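Positions are given from 1, in the same order as the sequence printed here. First listed ligand is number 1; within each ligand, the first listed atom is number 1. All of these numbers come straight from a predicted model, not from anything done at the bench.
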Amino acid sequence: MRILSGIQPTGRFHWGNYFGAIRQYIDLQNGQETAFYFIANLHALTTVRDRECLTQNTLDAALDLLALGLDPDRATLFVQSAVPEVSELSWILMTTTPMGILERCHAYKDKKSKGLTADAGLFTYPVLMAADILLYDSELVPVGEDQIQHVEVCRDIAGSFNHSFGEVFVLPKAYVVKDTAKVPGLDGGKMSKSYGNAVEVFENPKAQRKKVMSIVTDSRPMEEPKNPEGDHLFELYSLFASPEQTQMLAETYRRGGFGYGGVKKELADLAESYFAEARAKRDELAAQPEKVRAILAEGAARARKKAAEVLQRAQQACGLTGNS
Ligand code: ADP
Ligand code: TRP
């Protein structure tokens, strides 16, 4: 089974990205499947308009993924733009994609409903994503909940192409781990870099602790029993704690007579030790950027091999080969 996913290099990864997406990628590389993971810099170009920033973010994303356990011997890691076949497939798919499907996609719809103008890149973003998936005959696409719609769109686009030209593409399925589908941020809303409520995985430990201590909590008296369910501090704690620790904290909540400050301190400690090994590995890798570039180049070569095969299949099916 072919597994594939992409992640945009739009900023440093936060706990939401890790527990909602990256951790699943890493777990999946250890199965029988062949896993392809890429850094979606072409997609990031729809929002990042700074050359240095995009270049640095792309390298940082690779370092973060490798430090967090992505193993280049088990999974193929590459940068999206290093496989130019994806842009050609994207155009081919665009020709059989109904406008209506794209008009319903949330990123575009949200922007439009706010009265903002969108670029064609944002509008056709789901087509490029479909090309990413279809180019490698991907069967399973691990994603965060917010990307399920895009995988469904990919299935529609593939179906529409297959309907016109024959069975060229494999229809993929989205894969979401439900219990970490939504990691809350410091304010209790969904953690997102755009909401200023995120804690970065590799943030400096002192700054990270300060953020954790600033998690918004209610002002009910300490003695009052509290419900752990739906409490975002409790949810964050349970991401890092053992089941026994989580169980104990749930009991403490129900009993009452505790302070949120203590829970936050414990959470900061747990988070620090949870990522300590990855942090050390990241520092080690950051000192050898040429090693990281070699991993990405090797990944891109492997990905291009498969990409060339599938692109040719699509070109042949629609009559783009044979005249040149
Ligand atoms: P952001 O909202 O910070 O811009 P992205 O949209 O770049 O994050 O998300 C990248 C991946 O991480 C996606 O697969 C997304 O579903 C996942 N993800 C982001 N934030 C969260 C969150 N708070 N909880 C769970 N998954 C998340
Ligand atoms: N759109 C995805 C996100 O923002 C990133 C992405 C691009 C992707 N292409 C993909 C994810 C293909 C899965 C498969 O998170």
Once rounded to the nearest 0.5 Å, what's the spacing between atom CE of Met1 and atom NZ of Lys173?
8.0 Å

Quick check on contacts: which atoms of ligand 1 are under 4.0 angstrom from a heavy atom of Lys182?
24 (N), 25 (C)

What are the atoms of ligand 1, with element, lying closer than 4.0 Å to any heavy atom of Lys190?
20 (N), 21 (C), 22 (C), 23 (N)

Only heavy atoms of Val141, strictly under 4.0 Å: list the atoms of ligand 2 that pass.
13 (C), 14 (C)

Proximity to ligand 1 by part of Ala21, non-hydrogen separation under 4.0 Å
side chain

Might you work through the side-chain contact (heavy atoms from CB on, under 4.5 Å) test for Tyr274 and Trp15, ending with a clear yes or no?
CA-CA 12 Å; Tyr274 191 93; Trp15 291 352; over 6 Å; no

Residue-level breakdown please: for Ile133 versus ligand 2, do any non-hydrogen atoms fall below 4.0 Å on the side chain, on the backbone, on both, or on neither?
side chain

A student checking ligand 2 against Phe38 at a 4.0 Å heavy-atom cut-off should list atoms 9 (N), 10 (C), 12 (C)

Before accepting this row, confirm whether a basic side-chain N of the pair Glu277/Lys281 lies closer than 4.0 Å to the acidic partner's carboxylate O.
no

Using a 4.0 Å cutoff against the non-hydrogen atoms of Val143, which atoms of ligand 2 qualify?
13 (C)

Are the aromatic rings of Tyr136 and Phe78 close, with centres under 6.0 Å apart?
yes

If the cut-off is 4.0 Å to any non-hydrogen atom of Met191, which atoms of ligand 1 fall inside it?
20 (N), 21 (C), 22 (C), 23 (N)

Does Lys193 reach ligand 1 with a nitrogen or oxygen that is under 3.5 Å from one of the ligand's nitrogen or oxygen atoms?
yes

With backbone taken as N, CA, C and O and side chain as the heavy atoms from C-beta onward, which portion of His14 lies under 4.0 Å from ligand 1: side chain, backbone, both, or neither?
side chain

Close N or O approach (Ser192, ligand 1; < 3.5 Å)
yes

Identify, for atom 5 (C) of ligand 2, the protein heavy atom at the shortest distance, and state residue, atom and that distance.
Gly6 O, 3.4 Å

Please report the interatomic distance NE2(His150) to CG(Leu128), rounded to the nearest 0.5 Å.
11.0 Å

Could you check whether the rings of Tyr25 and Tyr37 sit parallel, tilted or perpendicular, using 30° and 60° as the cut-offs?
parallel

Glu284 and Gln288: side-chain donor and acceptor closer than 3.5 Å?
no

Option set Met129, His43, Gln80, criterion heavy-atom distance to atom 10 (C) of ligand 2, minimum
Met129

With heavy atoms of Gly20 as the reference, note each atom of ligand 1 found under 4.0 Å away.
25 (C), 26 (N)

Answer yes if the side chains of Asp231 and Tyr253 hold a donor-acceptor pair under 3.5 Å, and no otherwise.
yes

How about Gln245 and Glu266: does a side-chain donor come under 3.5 Å of a side-chain acceptor?
no

May I ask you to check if Lys226 and Phe258 form a cation-pi contact, with NZ or CZ under 6.0 angstrom from the six-membered ring centre and within 45° of the axis?
yes

List every atom of ligand 2 that sits less than 4.0 Å from any heavy atom of Tyr125, numbering the atoms from 1 in the order shown and giving each element.
1 (N), 2 (C), 3 (C), 4 (O)

Contact (N/O only, under 3.5 Å) between Gln8 and ligand 2:
yes

Geometric N/O contact Asp132 with ligand 2, under 3.5 angstrom:
yes

Determine whether any heavy atom of Gln8 lies closer than 4.0 Å to an atom of ligand 1.
no

Under 3.5 Å between some N or O of ligand 1 and some N or O of Gly144?
yes

Taking atom CG of Leu70 and atom CD1 of Ile22, what is their separation to the nearest 0.5 Å?
9.5 Å

Could you measure the distance from the CD atom of Gln80 to the CG atom of Asp132? Nearest 0.5 Å is fine.
4.5 Å

Between Arg2 and Ser138, a side-chain donor and acceptor under 3.5 Å
no

To which protein heavy atom is atom 2 (C) of ligand 2 closest, and what is the distance rounded to 0.1 Å?
Gln147 OE1, 3.3 Å

For ligand 1, which is the ligand I care about here, please tell me if Gln147 has any N or O atom under 3.5 Å from one of the ligand's N or O atoms.
no

Quick one: does any side-chain atom of Asp137 pair with a main-chain N or O of Val170 as donor and acceptor, under 3.5 Å?
no

Taking only non-hydrogen atoms of Ser5 and a 4.0 Å limit, the atoms of ligand 2 in range are 11 (C), 13 (C)

Quick check: does Val143 get an N/O under 3.5 Å from an N/O on ligand 1?
no

